[in-house]
There are 2 protein chains.
Amino acid sequence: MKVNFLTAALQIGTKGERVAARIRAAALEQFSRQGFERTTMGEIAREAGVSQAALHYHFQDKAQLWRSAMLDLAAHIAEEERAITAARDARAIDQLRMAMRLFVEISWRHPALGRIVALEGMAGGERLAWLVENLLGDRNRRLAHLAARAIAEGDLKPFPPEQIVVTLQAAAAGLINLQPLMRANFGVLAYSAAGRAAHLDMILAAVFDGFVNRKTEETRP
Amino acid sequence: MKVNFLTAALQIGTKGERVAARIRAAALEQFSRQGFERTTMGEIAREAGVSQAALHYHFQDKAQLWRSAMLDLAAHIAEEERAITAARDARAIDQLRMAMRLFVEISWRHPALGRIVALEGMAGGERLAWLVENLLGDRNRRLAHLAARAIAEGDLKPFPPEQIVVTLQAAAAGLINLQPLMRANFGVLAYSAAGRAAHLDMILAAVFDGFVNRKTEETRP
DNA sequence: ACCAATCTTGACTACAAAATCAGGAAAGCT
DNA sequence: AGCTTTCCTGATTTTGTAGTCAAGATTGGT
């Protein structure tokens with residue numbers, strides 16, 4: 001059996017609940033890698049080590065399994081996020097930097113999230129609408145609001161806040177999502193813990209700082 | 001009939017060649033939006049205004065149609081690129097900046113490219129291998145080499161060149177690929193020509209500059 | 001140990017989409 | 001015009017996958 005963050009759920013609940021959790025974990029992995037239609041129920045079943053029919057016992061249909069897997073992911077992420085509370089009175093730019101740090105760390109721990117957003121965010125449709133409604137919308141709007149404040153406080157270059165937010169996230173998730181490309185194109189392997197830390201450094205030090213308004217430097221000749 | 005950049009091909013060649021071009025254009029649009037499996041031959045046929053069987057007359061199977069559409073896209077892009085030749089003796093950083101400008105412009109004109117790379121680059125598999133082999137590999141390695149030179153010349157912060165290249169491209173294509181997300185999440189509409197120019201500004205001025213090593217700015221003109 | 005509820009499965013159905021094919025229309029040549 | 005090649009289509013077959021179902025296995029309570 002595959003081991004990942006959802007495997008913890010195997011320890012609790014009734015047998016059915018444990019199997020359902022295993023199915024959700026397998027489904028999330030497949031859906032996020034292959035997208036919804038490329039993923040088959042049979043594949044998920046095999047990965048979870050149960051029969052295909054078991055999937056339909058625990059979940060009404062494929063779409064509902066997808067939503068269930070997403071909610072599961074969201075719950076795990078929310079729990080990890082709660083651990084960190086941004087200081088309310090800090091400058092917007094600092095809250096934003098903190099949010100980006102968190103985003104990168106969570107993206108490494110839960111690569112499925114970024115992949116799903118990329119897949120559905122390109123395609124549009126009802127699954128995207130569901131994601132925006134249930135998981136992404138508030139969070140993104142909050143970040144955009146934060147970016148707008150940071151601009152107003154003179155700390156960010158004055159680009160459209162929504163664009164800043166989406167671009168930052170796309171940049172941060174890019175390397176993580178595109179591991180297969182990195183491997184196929186450059187022969188680079190998946191990252192160790194040290195590599196992840198270096199990646200976080202890169203995003204903050206390079207990409208994020210690119211948006212930062214360096215008043216002192218710019219007023220220089 | 002849908003009009004796009006491939007429609008030009010309608011003017012030349014035999015009747016069959018013109019129909020094949022129309023099919024490739026329709027296929028490219030669908031494949032890049034929906035991904036390979038979500039796209040059906042029937043849909044492509046309807047979009048191209050021919051019968052489903054006609055697709056199998058011109059192309060052996062779905063996979064070959066996909067490859068053919070990609071080659072078509074690559075040919076168009078290559079032609080546009082050829083118009084611009086980077087000065088050989090310029091500093092690597094300037095060549096890189098020029099390449100990014102080109103990348104953003106081409107990405108706006110051919111949004112299918114970025115979507116395909118994102119889709120297949122996340123999933124891995126034989127289509128990705130084909131893409132790397134036939135149209136991405138050399139180009140990306142050349143860019144990485146350029147980034148490495150720029151680092152050696154002290155113009156870029158010393159992050160791994162492959163990571164810089166992929167992250168820059170992910171950041172630049174992010175907004176373009178994720179238009180449906182922008183719309184669903186923020187209600188923002190597709191971009192006008194002015195919006196595209198502004199986006200290019202943002203990528204170069206913010207993201208690209210984030211990677212630039214500012215120490216050298218003082219010593220440079 | 002027994003029972004009832006919960007869970008799981010193999011076998012099956014329904015359906016959508018890819019691929020094939022024989023027949024016929026259109027284009028191009030002489 | 002007559003002939004040949006190229007092109008296109010409707011009808012059909014094949015294949016892969018989602019979803020159903022009745023029967024049997026497992027689990028947990030008493």
Side-chain angles (χ1 to χ4, degrees), chain A residues 1-2 6 9-31 33-70 119 123 125-127 130, chain B residues 1-2 6 9-70 119 123 125-127:
Chain A
M1 179 221 335
K2 289 285 178 63
L6 281 175
L10 293 178
Q11 310 303 336
I12 58 168
T14 69
K15 172 119 184 293
E17 199 35 63
R18 275 175 283 154
V19 171
R22 222 165 65 215
I23 293 172
R24 274 192 295 266
L28 181 62
E29 186 61 23
Q30 294 295 319
F31 282 140
R33 281 198 188 283
Q34 318 273 349
F36 185 81
E37 6 278 313
R38 199 184 293 201
T39 299
T40 69
M41 296 295 267
E43 225 176 339
I44 296 171
R46 189 157 13 86
E47 210 59 29
V50 295
S51 75
Q52 207 243 56
L55 269 56
H56 287 281
Y57 172 77
H58 290 284
F59 306 94
Q60 200 182 346
D61 58 18
K62 196 180 174 185
Q64 199 242 310
L65 170 55
W66 185 88
R67 290 194 297 271
S68 185
M70 293 308 132
L119 280 167
E126 64 178 31
R127 282 193 301 279
W130 188 91
Chain B
M1 179 221 330
K2 287 285 178 63
L6 281 175
L10 293 177
Q11 309 303 334
I12 58 168
T14 68
K15 172 122 186 290
E17 198 35 62
R18 275 175 283 153
V19 171
R22 223 166 62 214
I23 293 172
R24 276 193 293 267
L28 182 62
E29 185 61 23
Q30 295 294 320
F31 282 140
S32 75
R33 282 196 187 284
Q34 319 272 349
F36 185 81
E37 3 280 312
R38 198 184 295 201
T39 299
T40 70
M41 296 295 265
E43 224 175 341
I44 296 171
R46 188 156 15 84
E47 210 60 29
V50 294
S51 74
Q52 208 240 61
L55 270 56
H56 286 282
Y57 172 77
H58 290 283
F59 306 94
Q60 200 182 347
D61 58 17
K62 195 181 175 185
Q64 199 241 310
L65 171 55
W66 184 89
R67 290 194 297 271
S68 185
M70 292 308 132
L119 281 168
E126 64 178 32
R127 281 194 302 278

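Quantities reported herein were computed from a predicted structural model and do not represent experimental measurements. Chain letters run A, B, ... following the sequence lines, proteins first, then strands; residues in each count from 1.
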Once you round it to whole Å, what is the distance between P of D:dG19 and CG of A:Leu65? 10 Å
Does OP1 or OP2 of D:dT6 have a side-chain N or O of B:His58 closer than 4.0 Å? no
Only one of B:Ile44, B:Leu28, B:Thr39 passes side chain to side chain contact (heavy atoms under 4.5 Å, CB included) with B:Leu65, and that residue is B:Ile44
The nucleotide from D:dG19, D:dC8, D:dT17 with an atom nearest the side chain of A:Thr40 is D:dT17
Using every non-hydrogen atom in the two residues, find where B:Arg24 and B:Ser68 come nearest and quote the distance to one decimal. CD-OG, 3.1 Å
Whole-Å distance separating the CD atom of B:Gln34 from the P atom of C:dA17: 12 Å
Over how many whole Å does the gap from A:Glu43 atom CD to D:dG19 atom P extend? 15 Å
D:dT9 OP1/OP2 closer than 4.0 Å to side-chain N/O of B:His56: no
Find the distance A:Ile44:CD1 to D:dT17:P and express it as a whole number of Å. 12 Å
How close or far is atom P of D:dG19 from atom CH2 of A:Trp66, stated in whole angstroms? 15 Å
Atom pair distance, as rounded to whole Å: NZ in B:Lys62 and P in D:dT15: 17 Å
Please list each protein N or O that sits under 3.5 Å from an N or O in nucleotides 9-12 of chain C, with the distance.
{"from": "C:dT9", "atom 1": "OP2", "to": "A:Ser51", "atom 2": "N", "distance (Å)": "2.7"}
{"from": "C:dT9", "atom 1": "OP2", "to": "A:Ser51", "atom 2": "OG", "distance (Å)": "3.0"}

Decide, yes or no, whether a salt bridge links A:Arg127 with A:Glu37 under the criterion of side-chain N to carboxylate O below 4.0 Å. yes
How are the rings of B:Phe36 and B:Trp66 set to each other: parallel, tilted or perpendicular (split at 30° and 60°)? perpendicular
Looking only at heavy atoms, what is the nearest atom pair of B:Ala20 and B:His58, with distance? CB-ND1, 3.9 Å
A:Arg22 and A:Gly49: which non-hydrogen atoms are nearest, and at how many Å? NH2-O, 3.9 Å
Whole angstrom is fine here: how far is it from CG in A:Asp61 over to C1' in D:dT17? 14 Å
Testing the basics here: between A:Gln60 and A:His56, what is the closest heavy-atom pair and its distance to 0.1 Å? O-ND1, 3.7 Å
Atom pair distance, as rounded to whole Å: CE in B:Met41 and P in D:dT9: 14 Å
